[in-house]
Protein chains: 2
Amino acid sequence: MTRVYIVDDHAVVIEGIYSLLQKEKDIEMAGYATNAANCMQYFINHTTDVILMDISLPDMNGVDLCKIIKKNYPGIMVLALSTFNQGTYIRKMMESGASGYLLKNAGRQEIVEAIHLVMKGKTYFSFDAGQALKSTTDQQNAIPPLTKREKEVLVNIADGLTNIQIAEKLFISTDTVDSHRKNLHAKLNVKNTAMLIRFAVENNLL
Amino acid sequence: MTRVYIVDDHAVVIEGIYSLLQKEKDIEMAGYATNAANCMQYFINHTTDVILMDISLPDMNGVDLCKIIKKNYPGIMVLALSTFNQGTYIRKMMESGASGYLLKNAGRQEIVEAIHLVMKGKTYFSFDAGQALKSTTDQQNAIPPLTKREKEVLVNIADGLTNIQIAEKLFISTDTVDSHRKNLHAKLNVKNTAMLIRFAVENNLL
DNA sequence: GCCTTCATCCCGCAAAAGCGTGATTTTTTA
DNA sequence: TAAAAAATCACGCTTTTGCGGGATGAAGGC
């Protein structure tokens, strides 16, 4: 008998998963929470085998909640649950200790399969999620890693600061800011500020 | 007895709403579809009182599907269903003939209430959705309307083109492009390209 | 017919960004 | 500890933006 706990702020999702999993004789619902605080509260006195966790919660993001859960209760398997199909989210959840990534358009069959797999210590990815993960792993689509300083300069550019203002703020020379800017252009394959900021926002680098 | 039909590509959402509404004695489930094509197919030979419609579908966006439904079957009430809480989406759905906007974190009570209200010919907004709509209606938060030319110039800037290139593309002088640029800065209250593009992407003006 | 908005164009100057090329010093990592 | 990566600074030159003023014609509402 596998106990499943749900963390999701959408009542219909909780209700839907409950309804779908009630039909499974080897799965038992341990309970649910609609936010991270209630979830953490619950596990002080209880436990479960698997948590189905939405990555977007009202009081905390799923990535951080996952880290906390896995740190305090490593035996609990976390299955990320999301409508978003973006490689960055998926990767972050996996790095935080999740055992898999399930898209909300998954059917009963898929959810049950995923739960069984993670209970065996394996990982599960929805097909599309696997594709998304793969595509960001491929060299073509991968975003080259930016250094700390480059990110700092980038967010300041996005805030509308000029090189001079950024230089003053970071206590470096304008030439250095310019160098970081050049590197950003080269790494992200853009040729001016407009393309840089567009790329940054669309790939949420800010 | 009110018949309710669901269009949503998430199995758990359909299952959840079914489960929640089965407890209501004056509501009857008419059926469901996981995409726009199946939905339209269904209504050739059937009908319903209310459609709960997700705004993001795999084959079409909810706005267009809503338009089609209301054009062919004006008697069917459409209630938009979404996780997104953005004024622009809400407004577009309402303009397409929807009778309300329901967020997916709504509980049983709220969903039932919304269905009953729209059946009476009234409109329903989730609290947060109402707020979001209001905030974009307020003069402070409203995005000033951009002219056709301004939008054209904006997308070309976002594509990384310089004033010279845009001028050549649109067969106008660089001074004119510059004028449009000045107007964009004034209207959107930004002071350089970085802020302009950031604002444009974040408020999906592209 | 008048007024407003839109789109167009012009000029000039100052500020900022873009680009090449190079170098030094930390810091990190293998 | 040696090599690699990151952060720093420099200089000169070109291109592009940003900004302050204008001005004109065309379209549409009142």
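In what follows, chains carry the letters A, B, and so on, assigned in the order in which the sequence lines appear, proteins first and then strands, with residues in each chain numbered from 1.
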Polar atom pairs between nucleotides 22-29 of chain C and protein, under 3.5 Å, N or O only, would you list them?
none

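- Between B:N163 and D:dT17, a side-chain N or O to OP1/OP2 separation shorter than 4.0 Å is present.
- For D:dG18, one of the phosphate oxygens OP1 or OP2 lies less than 4.0 angstrom from a side-chain nitrogen or oxygen of B:T193.
- With rounding to whole Å, B:R181 atom CZ is found 19 Å from C:dC10 atom P.
- D:dC19 atom P lies 8 Å from atom CG of B:N192, rounded to whole Å.
- Summarising the geometry, the separation between CG on A:L196 and C1' on C:dA17 is reported as 12 Å, rounded to the nearest angstrom.
- Note: CD1 (A:I197) to P (C:dA17) measures 11 Å, nearest angstrom.
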Applying side chain to side chain contact (heavy atoms under 4.5 Å, CB included) to B:T193 and B:R181, what does each step give before you reach the verdict?
CA-CA 9 Å; B:T193 304; B:R181 215 164 175 145; 3.1 Å; yes

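- With distances taken from any side-chain atom of B:D175 to the nucleotides D:dA10, C:dC10, D:dA7, the minimum falls on C:dC10.
- Taking every side-chain heavy atom of A:S173 into account, D:dA10 is the closest of D:dT17, C:dC10, D:dA10.
- The aromatic rings of A:Y73 and A:F43 sit tilted relative to each other, their planes meeting at an angle between 30° and 60°.
- At the phosphate of C:dA17, neither OP1 nor OP2 sits under 4.0 Å from any side-chain N or O atom of A:H185.
- For B:H116, the side-chain hydrogen bond (donor to acceptor under 3.5 Å, both in side chains) partners are B:D26, not counting sequence neighbours.
- Rounded to whole Å, atom P of D:dG18 lies 11 Å from atom CE of B:M195.
- Taking each heavy atom of B:D49 and B:M1 in turn, the nearest pair found is OD2-O, 3.8 Å.
- Among D:dA10, C:dC9, C:dA17, the nucleotide with an atom closest to any side-chain atom of B:T176 is C:dC9.
- Checked against D:dG18, C:dG18, D:dT8, the side chain of B:D178 finds its nearest nucleotide in D:dG18.
- Formation of a donor-acceptor pair under 3.5 Å by the A:Q165 side chain with backbone atoms of A:T162 is found in this model.
- Partners of A:F199 by ring pair (Phe, Tyr, Trp, His ring centres under 6.0 Å), not counting sequence neighbours: none found.
- For the pair B:K148 NZ and D:dG28 P, the computed distance is 11 Å after rounding to whole Å.
- Residue A:T147 places none of its side-chain N or O atoms closer than 4.0 Å to OP1 or OP2 of D:dA5.
- A side-chain contact (heavy atoms from CB on, under 4.5 Å) with A:N35 holds for exactly one of A:D59, A:D8, A:L57; it is A:D59.
- Between B:R149 atom CZ and C:dT8 atom P there is a gap of 4 Å when expressed in whole angstrom units.
- Nucleotide C:dT21 holds its P atom 15 Å from the CG atom of A:N183, rounded to whole Å.
- Of the candidate nucleotides C:dC11, D:dT16, C:dC19, D:dT16 has the atom lying nearest to any side-chain atom of B:I164.
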